[in-house]
Amino acid sequence: MINISFPDNTVRQYETGITALEIAQSISEGLARNVLSAKVDSEVWDATRPINHDASLKLLTWNDPEGKATMWHSSAHLMAEAVEQLYPGAKFGIGPDIENGFYYDIDTGDKMLTESDLLEIEKRMAAIAKEKQTFKREDISKEDALNYFGEKGDEYKLELISELTDGEITLYKSGTFTDLCRGPHIPNTGFIKAIKLLSIAGAYWRGDENRKQLTRIYGITFPKKTELDEYLHMLEEAKKRDHRKLGKELELFTFSQRVGLGLPLWLPKGAQLRERLEQYLKKVQKEAGYLPVITPHIGNVNLYKTSGHFDKYGADSFRPISTPVEGEAFFLKPMNCPHHCEIYGHKPHSYKDLPIRYAEFGTVYRYEQSGELHGLTRVRGFTQDDAHIFCTPDQIKTEFKGVIKIIMQIFKALDFNQFITQVSLSDPKTPEKYIGSRENWDKAERAIIEVAQEENLEYVVEYGEAAFYGPKMDFMVKDALGRKWQLGTIQVDYNLPERFDLTYIGSDNEKHRPVMIHRAPFGSMERFVAVLVEHCAGDFPLWLAPDQAIILPISEKYQKYAEKVSQFLKNSDIRALIDERNEKTGKKIRDAELKKVPYMLIVGEREEQEGSVSVRKRGQGDLGAFSLEQLAKAIHDEEERLQGI
RNA sequence: GCCGAUGUAGCUCAGUGGUAGAGCGCUUCCUUGGUAAGGAAGAGGUCACGAGUUCAAUCCUCGUCAUUGGCUCCA
């Protein structure tokens with residue numbers, strides 16, 4: 001007999017070798033029908049795997065993330081089985097579950113799969129699912145595993161097996177498909193009731209662009225058809241928030257082939273929005289003791305040789321510009337930091353001057369691979385809300401915390417409550433990717449982790465995500481379609497001060513090396529605006545809305561009064577326009593709602609007589625009559641409240 | 001950069017081997033209307049670009065460019 005403890009801390013005795021599924025059946029048939037897998041101690045197991053020792057047990061269903069993961073992992077096998085049946089000889093790479101569904105990387109040899117093949121694969125999957133195939137787990141020796149996949153001719157599996165050690169290799173067999181797999185899997189394929197293959201794409205084997213490209217098929221499955229429908233509907237809704245779509249509809253930005261790819265053109269409404277964000281941050285930074293600096297868009301190649309950017313990225317940059325007579329080479333600036341280092345170095349500094357915080361909305365240009373360009377989130381020319389803090393080593397943590405405060409203030413003002421804080425450290429396995437001494441790296445990485453802990457931030461650590469000159473703390477948010485983008489970043493850097501030989505005179509009258517903190521709360525204006533658009537679905541907070549109010553005259557007779565109202569608002573620093581079209585009020589309201597203008601001001605005979613406006617707030621409806629003064633005050637109050645300053 | 005898909009009016013999209021269509025938007029006219037679509041008429045297109053096949057190509061083929069879903073990359 002073995003003792004099984006449950007999440008509610010009860011302990012029950014069972015026969016040795018009992019399975020989680022059998023335990024579930026002993027509790028209730030209904031529960032058993034929903035069990036996908038089980039957490040045995042800290043590992044997720046097949047619900048059908050015998051338990052031979054005392055253990056804690058949690059039955060996992062569709063309501064548990066691990067349950068979903070099990071189902072999706074099994075769905076990947078199901079898809080592989082379908083593909084193998086339809087395209088004999090297909091070879092398989094890896095097929096994991098992911099955040100929303102699963103994928104499998106497949107080499108179908110000469111037969112290139114395209115989107116049009118997905119439907120047939122889906123159908124075959126549905127047919128197999130109905131067969132309620134079970135997943136049979138089998139321990140296998142490395143030799144046998146190599147033999148099996150060797151005979152099958154699947155070099156990808158052979159490569160994976162070669163990296164495993166004997167004793168940890170298992171196969172899972174379901175229907176006609178056998179896969180190298182750690183498991184776990186759902187009891188049978190019958191749990192998979194709704195299947196959708198979402199997209200197909202090339203993916204390099206093992207993520208290495210020098211190796212073969214396999215075909216990756218993404219899909220998702222559900223235990224109920226209605227859940228799939230809901231998911232697809234959610235995807236459709238998310239697409240409506242896409243900043244590329246809204247950017248076009250709301251006339252925020254555009255691109256032109258003639259200007260060049262990845263070079264955004266900000267339209268008046270977008271430019272106004274961006275300017276307001278810049279003004280907001282400038283105000284916050286002024287209070288926090290930042291000093292403005294301005295630097296040119298190009299810099300001598302030698303500047304970047306000194307900084308190390310040339311060695312690292314010179315080959316992947318726009319080609320240098322050269323002067324006609326002297327033949328000197330200049331790069332479009334890919335970073336502001338070297339320029340700021342030169343500003344710091346223009347005169348000697350005392351420890352009493354530190355910290356010095358140079359801030360600049362600096363436009364930079366980077367050559368990004370054409371396939372990487374994506375709306376405003378990934379472009380070739382963008383403006384960083386950059387600043388570099390030069391400080392003494394013992395000021396690092398205080399300064400770092402000061403930057404976190406600014407970032408949190410911004411996120412709060414814009415209601416970004418779901419962000420990921422990522423501590424990006426160096427990858428000890430690839431030291432060649434970084435410049436500077438290990439000692440300095442250790443110091444910097446330790447400082448960031450300490451700050452994260454002291455500030456009680458919930459953070460994840462990613463190795464290998466550091467910049468080449470230093471570790472960083474990144475703040476990431478997801479876009480409408482769940483893609484993660486880095487916004488704010490704070491980076492500790494001991495290296496550039498050394499390369500630029502920056503110093504300050506300490507209290508001991510000796511020269512010391514300052515530390516540099518690179519930071520950008522928005523990251524880039526382009527990316528930030530993109531994410532902001534998706535976050536609020538184009539419905540900007542009042543203080544950012546390009547048009548805050550639209551005046552809707554009931555008929556042409558009230559045009560003059562509308563202009564008077566407009567002038568009043570303009571004098572009150574409120575952005576308003578008049579819908580002068582010869583349309584009915586209902587139509588004007590509908591259009592204003594669709595254009596996401598926060599306030600609609602309806603003016604007719606009544607309003608003209610009493611010098612008022614009838615206020616309709618977008619999304620809320622009629623608020624009644626306001627005098628012009630009341631309206632201006634209400635708008636200004638709302639602006640201030642939203643900004644939180 | 002790599003693999004796949006897409007490219008028709010300002011926008012969203014139909015469509016066909018025989019010189020092109022809708023809705024919205026725009027212009028004009030009628031209407032002067034009170035909280036999410038009043039009516040009519042009209043303008044607007046090198047069907048991304050370049051070659052090829054064909055009596056004839058927006059449609060078929062190839063190439064280029066751009067957009068897009070991923071992969072790789074991201075100072």
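All of these numbers come straight from a predicted model, not from anything done at the bench. Residue numbers start from 1 in every chain, and the chains themselves are labelled A, B, ... in the order their sequence lines are given, proteins ahead of strands.
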Requested in this report: Indicate yes or no: does A:Glu236 engage A:Lys240 in a salt bridge with an N to O separation below 4.0 Å.
Outcome: no
**Report entry** Short N-O contact, A:Lys595 and A:Asp591, less than 4.0 angstrom
**Finding:** no
Report summary line: By nearest-heavy-atom nucleotide on RNA chain B, the more 5' of A:Lys248 and A:Gln384 is A:Lys248
Check every atom of [options] against the side chain of [X] and return the nucleotide holding the closest atom.
X: A:Thr114; options: B:rG4, B:rA37, B:rC73; answer: B:rG4
X: A:Ile554; options: B:rC74, B:rA75, B:rG34; answer: B:rG34
X: A:Lys587; options: B:rC65, B:rU35, B:rA37; answer: B:rA37
X: A:Ile200; options: B:rG4, B:rA75, B:rA66; answer: B:rG4
X: A:Leu594; options: B:rA36, B:rC2, B:rC73; answer: B:rA36
X: A:Ala201; options: B:rA75, B:rC71, B:rG69; answer: B:rG69

On a whole-Å scale, what distance lies between the [atom1] atoms belonging to [N] and [M]?
N: B:rU54; M: B:rC59; atom1: P; value: 16 Å
N: B:rG70; M: B:rG52; atom1: C1'; value: 33 Å
N: B:rG63; M: B:rG10; atom1: P; value: 29 Å
N: B:rA66; M: B:rC73; atom1: P; value: 23 Å
N: B:rC60; M: B:rA22; atom1: P; value: 23 Å
N: B:rU19; M: B:rC55; atom1: C1'; value: 15 Å
N: B:rU28; M: B:rU67; atom1: P; value: 36 Å
N: B:rA14; M: B:rG50; atom1: P; value: 25 Å

To the nearest angstrom, how far is [X] atom [atom1] from [N] atom [atom2]?
X: A:Ile94; N: B:rC71; atom1: CD1; atom2: P; result: 11 Å
X: A:Phe255; N: B:rG10; atom1: CZ; atom2: C1'; result: 18 Å
X: A:Gln369; N: B:rU68; atom1: CD; atom2: P; result: 16 Å
X: A:Asp539; N: B:rA36; atom1: CG; atom2: P; result: 17 Å
X: A:Glu580; N: B:rU27; atom1: CD; atom2: C1'; result: 16 Å
X: A:Leu303; N: B:rA75; atom1: CG; atom2: P; result: 18 Å
X: A:Asp242; N: B:rG69; atom1: CG; atom2: C1'; result: 12 Å
X: A:Ile602; N: B:rA36; atom1: CD1; atom2: C1'; result: 11 Å

Query raised in the report: Hey, what's the ring geometry for A:Phe318 with A:Tyr367, parallel, tilted or perpendicular (30° and 60° as the breaks)?
Result: perpendicular
**Report entry** cation_pi(A:Arg211, A:Tyr204) dist<6.0 Å, angle<=45
**Finding:** no
Report summary line: For RNA chain B, the expected dot-bracket line (Watson-Crick or G-U under 3.5 Å, [ ] crossing, | inter-strand) is (((((((..((((....[..)))).(((((.......))))).....(((((..]....))))))))))))....
Does the [N] base have a donor-acceptor partner in the side chain of [X] within less than 3.5 Å?
X: A:Glu607; N: B:rG34; value: yes
X: A:Arg258; N: B:rA66; value: no
X: A:Glu593; N: B:rA36; value: yes
X: A:Ser555; N: B:rG34; value: no
X: A:Arg366; N: B:rC73; value: no
X: A:Arg216; N: B:rC3; value: no
X: A:Gln213; N: B:rC2; value: yes
X: A:Asn582; N: B:rG33; value: yes

For [N], take OP1 and OP2 only and decide whether either is under 4.0 Å from a side-chain N or O of [X].
X: A:Arg244; N: B:rU68; answer: yes
X: A:Tyr313; N: B:rA75; answer: yes
X: A:Arg527; N: B:rC74; answer: no
X: A:Tyr218; N: B:rC71; answer: yes
X: A:His374; N: B:rG69; answer: yes

Requested in this report: Report the C-alpha distance between A:Arg616 and A:Glu593 in whole Å, list the side-chain angles of each, state the deciding distance to 0.1 Å, and finish with yes or no for salt bridge (Lys or Arg N to Asp or Glu O under 4.0 Å).
Outcome: CA-CA 10 Å; A:Arg616 180 189 164 102; A:Glu593 291 271 352; 3.0 Å; yes
When we call it a touch if two heavy atoms are under 4.0 Å apart, what does [X] touch: a base, just sugar-phosphate, or nothing?
X: A:Glu583; answer: base
X: A:Gly371; answer: base
X: A:Gln486; answer: nothing
X: A:Tyr469; answer: sugar-phosphate
X: A:Leu261; answer: sugar-phosphate
X: A:Gly604; answer: base
X: A:Ser307; answer: nothing

Pair [X] and [Y], ring centroids less than 6.0 Å apart:
X: A:His388; Y: A:Tyr344; answer: no
X: A:Tyr104; Y: A:Phe92; answer: yes
X: A:Phe310; Y: A:Tyr304; answer: no

Report task. Please determine, by modelled atom types, if A:Ser627 and A:Ser612 share a side-chain donor-acceptor pair under 3.5 angstrom. Result -> no
Report summary line: Between A:Trp441 and the options A:Tyr434, A:Tyr469, A:Phe468, the ring pair (Phe, Tyr, Trp, His ring centres under 6.0 Å) test singles out A:Tyr434
Requested in this report: Step by step, work out the side chain to side chain contact (heavy atoms under 4.5 Å, CB included) result for A:His340 and A:Glu360.
Outcome: CA-CA 9 Å; A:His340 290 186; A:Glu360 172 177 22; 2.7 Å; yes
**Report entry** Name of the residue among A:Glu638, A:Gln548, A:Arg618 meeting side chain to side chain donor-acceptor pair (under 3.5 Å) with A:Tyr599
**Finding:** A:Glu638
Query - B:rA75 base stacked by A:Phe468 (centroids within less than 5.5 Å, tilt under 30°) - result: no
